[in-house]
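Here the structure is a predicted model, which means the values were calculated and not measured.
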Amino acid sequence: MTTMAATAPLPFEHQPPMGLRERKKLKTRIAIRRATYRLIAEQGYEATTVEQIAAAAEVSPSTVFRYFPTKEDIVLTDEYDPVMEAELRARPADEPPLASLRIILTGAVAAILENEPEEMHLRTRLMLEVPALRARMTETMADTSQLLARPIADRVGREPDDLEVRVFTAAVMAALREALIHWGEHGRRDDLVAVVNRTLDILEGGLRL
């Protein structure tokens, strides 16, 4: 989701260091993603082809597929997951896991809205309009859930595939997904950070209605 400079793509404190090769890869990923969003805004999602994206990004179609296996992944994939994992590991060991995830997730949402609001709005609209994107979003959030399960498991002295750990992280990511969908369905008028906080309040309150 990033549109920031390749040398400093993420506004988090604990960014993993990047060498020249990694910066070049990130620059290419950003170019492909920017071209994709520009074309989709101009002509729609279905009309936009990988060949057009490659030409607009000045790379080959094979390069596009090397970075993004599907067109859906271009829209949905970002560089935030490994940084969120690093940030999660850097949180105080005695901090409740849900409190840590709240800080990480709301921080990521706030950063995205500050640095790339137009892409965030377009992406959310597309998730509502394109069934393939919505389905792929569920898959990518499941991957993020598994990634974040590792530092959570380490903190509580369990294995990452422990059922309770998996349910915990999966529930948080599913709640985030519903927060994004709710925000999009209501015209993206509300403060998304507040919506995410409200969603996590529901989990923290024990799912009481």
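Within a 6.0 Å radius of CD in E58, no more than 12 heavy atoms belonging to other residues, nucleotides or ligands are found. Atom CD of E118 sits in a sparse spot, with 12 or fewer heavy atoms from other residues, nucleotides or ligands closer than 6.0 Å. Surrounding CD of E51 are more than 12 heavy atoms belonging to other residues, nucleotides or ligands, all under 6.0 Å away. Residue R166 places its CZ atom among 12 or fewer non-hydrogen atoms of other residues, nucleotides or ligands, all under 6.0 Å distant.
Here the side chains of L176 and V172 are not in contact, with every heavy-atom distance at 4.5 Å or above. Side-chain contact between Y67 and V59 is absent, with no heavy atoms from C-beta onward closer than 4.5 Å. In this structure, I104 and R91 have side chains that are in contact, with non-hydrogen atoms separated by less than 4.5 Å. Side chains of R188 and R125 form a contact here, defined as non-hydrogen atoms less than 4.5 Å apart. Contact annotation: the side chain of E87 never approaches that of I103 to less than 4.5 Å [non-hydrogen atoms, C-beta and beyond]. Between P96 and E204 there is no side-chain heavy-atom pair separated by less than 4.5 Å. Side-chain contact between I40 and V75 is present, with at least one heavy-atom pair separated by less than 4.5 Å. At a threshold of 4.5 Å between non-hydrogen side-chain atoms, the residues I74 and Y37 do not count as touching.
A donor-acceptor pair under 3.5 Å is formed between the side chain of R102 and the backbone N or O of N197. A donor-acceptor pair under 3.5 Å is absent between the side-chain atoms of R136 and the main chain of K71, judged by distance alone.
A170 approaches S145 most closely through the heavy-atom pair N-OG, 3.1 Å. The two atoms that bring A54 and P61 nearest to each other are CB-N, 3.6 Å, heavy atoms only. Nearest approach of F68 to D73, heavy atoms of both residues: CD2-O, 3.6 Å. The heavy-atom pair separating A31 from A57 by the smallest distance is O-CB, 3.8 Å. When every heavy atom of L148 is checked against every heavy atom of L88, the shortest pair comes out as O-CD2, 3.8 Å. Residues G44 and T48 share a closest heavy-atom pair of O-OG1, 2.7 Å.
Salt-bridge check for R33 with E119: failed, with every basic side-chain N at 4.0 Å or more from each acidic carboxylate O. With respect to R89 and E85, a salt bridge is recorded, a charged nitrogen being found less than 4.0 Å from a carboxylate O. Contact check on R198 versus D191 returns no salt bridge, with no Lys/Arg side-chain nitrogen under 4.0 Å from an Asp/Glu carboxylate oxygen.
Hydrophobic clustering of Ile, Leu, Val, Met, Phe, Trp and Tyr side chains at less than 4.5 Å, counting indirect connections, unites L113 with L105.
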(request) Carefully, step by step, assess I112 and R123 under the rule side-chain contact (heavy atoms from CB on, under 4.5 Å). (result) CA-CA 12 Å; I112 294 166; R123 173 191 286 196; over 6 Å; no
(message) V196 vs L200, test: side-chain contact (heavy atoms from CB on, under 4.5 Å). Steps then yes/no.
(response) CA-CA 6 Å; V196 173; L200 296 177; 4.1 Å; yes
(request) Take L147 and M84 through the test side-chain contact (heavy atoms from CB on, under 4.5 Å) and record every step on the way to the result. (result) CA-CA 9 Å; L147 182 71; M84 288 197 299; over 6 Å; no
(message) Walk me through whether L39 and T49 qualify under side-chain contact (heavy atoms from CB on, under 4.5 Å).
(response) CA-CA 9 Å; L39 289 170; T49 67; over 6 Å; no
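In this structure, CE on M120 lies 12.0 Å from CG on N115, to the nearest 0.5 angstrom. Taking CE of M127 as the start and CG of L133 as the end, the distance is 8.5 Å to the nearest 0.5 Å. Atom-to-atom distance recorded for L101:CG and T169:OG1 is 8.0 Å, nearest 0.5 angstrom. A distance of 10.5 Å separates CD of Q43 from CZ of R38, quoted to the nearest 0.5 Å. In this structure, CE in M137 is found 8.0 Å from CG in L128, a value given to the nearest 0.5 Å. How far CD of E178 is from CD1 of I202: 10.5 Å, rounded to the nearest 0.5 Å.
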